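Chain letters run A, B, ... following the sequence lines, proteins first, then strands; residues in each count from 1. The analysis underlying the following values was restricted to heavy atoms, covering all of them including side chains, and did not include hydrogens, waters or symmetry mates. Because the structure is a prediction, the values reported are computed rather than measured.
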There are 2 protein chains.
Amino acid sequence: MTNILIADDHAMFADGIASILKNEDSIKVVGRCLDGPSVIDFLKSNTVDILLLDVNLPGMSGIDVCKEVTANFKSTKVLAISMFNEESFVTEILNNGAMGYILKNTGREELFLAIDTVLSGKSYFSDDVTQTIMKGLMKQRTASKKSQPELPKISRRETEVLGLIMKEFTTQEIADQLFISLKTVESHRSNLLAKLNARNTAGLVRIAMENNLIPKEEG
Amino acid sequence: MTNILIADDHAMFADGIASILKNEDSIKVVGRCLDGPSVIDFLKSNTVDILLLDVNLPGMSGIDVCKEVTANFKSTKVLAISMFNEESFVTEILNNGAMGYILKNTGREELFLAIDTVLSGKSYFSDDVTQTIMKGLMKQRTASKKSQPELPKISRRETEVLGLIMKEFTTQEIADQLFISLKTVESHRSNLLAKLNARNTAGLVRIAMENNLIPKEEG
DNA sequence: AAAAAATTGGGGGTATCCCCCCATATACGA
DNA sequence: TCGTATATGGGGGGATACCCCCAATTTTTT
């Protein structure tokens, strides 16, 4: 038996979902919530396998709810539902733990499929949503490239130093690891600050991560 | 007329692609390269609209080639081709400027479609590849969550301070903006270091970005 | 071959960060 | 209601980062 909680402030829509699911023997709608806080409350005293979560909840947004749920109720999987096929909504809630994203015009067959898929631990996305995400990934790339049309080329040694900075090593430690002088590392740091147009270490790290300057290795 | 450059170290495969494209009047295969450096050389003296790039090139990898091409030859669009539907390959080359990714078992119809799509400035991915990416996004999420099972809750004020740190403000500047004492901000910094298990500002910023702690606003 | 960039290193100084100790008041949760 | 977390603030000090000046050598690019 799969316990499902519906979180949507549109009563009519919540009813619709519930009536669709009602006919399925293996599924039980254990509750309905109209806002974020009541979802959290409900989960504290009930077992829920799948949370059908509207992204655009009033008050506490769906994103925050999702974050909270995946952090504190690990046995509950979130399947996001939204009226909008907006790239920002999709990526945002996926980055906060949702296992799937479907649109409100989804038919009953696809709804069941999505629920089963998410329930089995896999992720599910409507085809339209998938398209949107792929486009979004590209847009994000080109947009970030436009904002900083050409950031100066970072040399091999500077890249090394930057990588070690991101690993929280101090200048002295970096010097030791690279077998060069403290002063040399300071030179590289200084050049990095100038090239990346950063004021301090924080900016160095942020810009490096935003522009994917340091290939991350597995550790 | 669309100029296409094929970069693949497997001669037989490059021949196959070329022979498929030869029959299309609007397409002209202007060259074939067997390794990365020769691609760069070729682009320096030729106009190429689309680069069909094998991800797994010997010597200079396809990822590096792609990075170089999108950085320095902005009029050339990269369509990645690979034998492997590997999530790491796909995301890596997409993050380095490729506009599309297709597999080597792609048929001629889909090949033309991919070329046209990329040529028009949109991105193209085989269905299989799309599935792989979506799964990968999820995996990446759950994996990163496992590595740091539960990082302590960051309070509202700490989040504010952390956000300003990432914007490269100094402790004194943060104190001024929040109308609190320098010492208070230092307390928050100190608590953040302890909670996030970081050694210094670099770690603070890296961990914040890795865990998506600071909602980025548009500027 | 000449110019530019990268790599190396130093002196000296200030700003900032990070650390230890401490305290008070408020708010939140068990 | 009683602890824990949060937010506030202070003294003092050592470590680190950042800044200015500078220069020699090597590598890369033009």
query: Does a side-chain N-to-carboxylate-O contact under 4.0 Å join Lys104(B) and Asp8(B)?
result: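 Asp8(B) and Lys104(B): salt-bridged.
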- prompt: In terms of side-chain geometry, is the basic nitrogen of Lys153(B) or Glu158(B) positioned less than 4.0 Å from the acidic oxygen of its partner?
  reply: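 A salt bridge is absent here (no side-chain N lies under 4.0 Å from a carboxylate O).
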Whole angstrom value for the distance that separates [atom2] of [N] from [atom1] of [X]:
X: Met166(A); N: dA17(D); atom1: CE; atom2: P; answer: 15 Å
X: Leu178(A); N: dT7(C); atom1: CG; atom2: P; answer: 11 Å
X: Arg199(A); N: dT16(C); atom1: CZ; atom2: P; answer: 8 Å
X: Ile174(B); N: dG9(D); atom1: CD1; atom2: P; answer: 14 Å
X: Glu168(A); N: dT16(D); atom1: CD; atom2: P; answer: 14 Å
X: Leu192(B); N: dC19(C); atom1: CG; atom2: C1'; answer: 15 Å
X: Ile154(B); N: dT6(D); atom1: CD1; atom2: P; answer: 8 Å
X: Phe169(A); N: dC18(C); atom1: CZ; atom2: P; answer: 16 Å

5' priority, DNA chain D, between Thr170(A) and Arg156(B) [closest heavy atom]: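 So the residue in question is Arg156(B).
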- prompt: With respect to the phosphate group of dA17(D), does any side-chain polar atom (N or O) of Thr171(A) fall under 4.0 Å of OP1 or OP2?
  reply: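 Checking dA17(D) against Thr171(A), a side-chain N or O does come within under 4.0 Å of OP1 or OP2.
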query: For dA30(C), does OP1 or OP2 lie under 4.0 Å from any side-chain N or O of Lys44(A)?
result: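 Checking Lys44(A) against dA30(C): no side-chain N or O falls below 4.0 Å of OP1 or OP2.
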message: Checking side-chain contact (heavy atoms from CB on, under 4.5 Å) between Ile81(A) and each of Ile6(A), Ile17(A), Val55(A), Leu53(A), which is the one that passes?
response: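 For Ile81(A), the side-chain contact (heavy atoms from CB on, under 4.5 Å) check succeeds only for Ile17(A).
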- request: Give me the one residue out of Glu160(A), His188(A), Glu173(A) that meets side-chain contact (heavy atoms from CB on, under 4.5 Å) with Leu178(A).
  value: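 That would be Glu160(A).
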For residues [X] and [Y], report the shortest heavy-atom separation together with the two atoms involved.
X: Leu79(A); Y: Ala114(A); result: CD2-CB, 4.0 Å
X: Gly36(A); Y: Leu57(A); result: N-CD1, 4.0 Å
X: Arg199(A); Y: Glu168(B); result: N-OE1, 2.6 Å

message: Quick check on contacts: within residues 180-189 of chain B, what sits under 4.0 Å from DNA chain C by heavy-atom distance?
response: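 Result for residues 180-189 of chain B: Lys183(B), Glu186(B), Arg189(B), sorted by number.
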- prompt: Considering the terminal five base pairs at each end of the helix from dA1(C)-dT30(D) to dA30(C)-dT1(D), what angle separates the two local helix axes, rounded to 10°?
  reply: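 That helix gives 80° between its end axes.
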query: What does Asn191(B) touch in the nucleic acid at a heavy-atom separation under 4.0 angstrom: a base, only the sugar-phosphate, or nothing?
result: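 Asn191(B): no heavy atom of the nucleic acid under 4.0 Å.
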- prompt: With a 3.5 Å cut-off and no angle check, do the side chains of Ser38(A) and Asp41(A) form a donor-acceptor pair?
  reply: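 Absent: no donor and acceptor within the cut-off.
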query: Will you find, in the side chains of Arg189(A) and Thr201(A), an N or O donor that is under 3.5 Å from an N or O acceptor?
result: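 The criterion, which ignores hydrogens and geometry beyond distance, is satisfied for Thr201(A) and Arg189(A).
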query: Looking at the side chain of Ser155(A), which of dC18(D), dT7(C), dA17(D) is the nearest nucleotide?
result: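 Shortest atom-to-atom distance from the side chain points to dT7(C).
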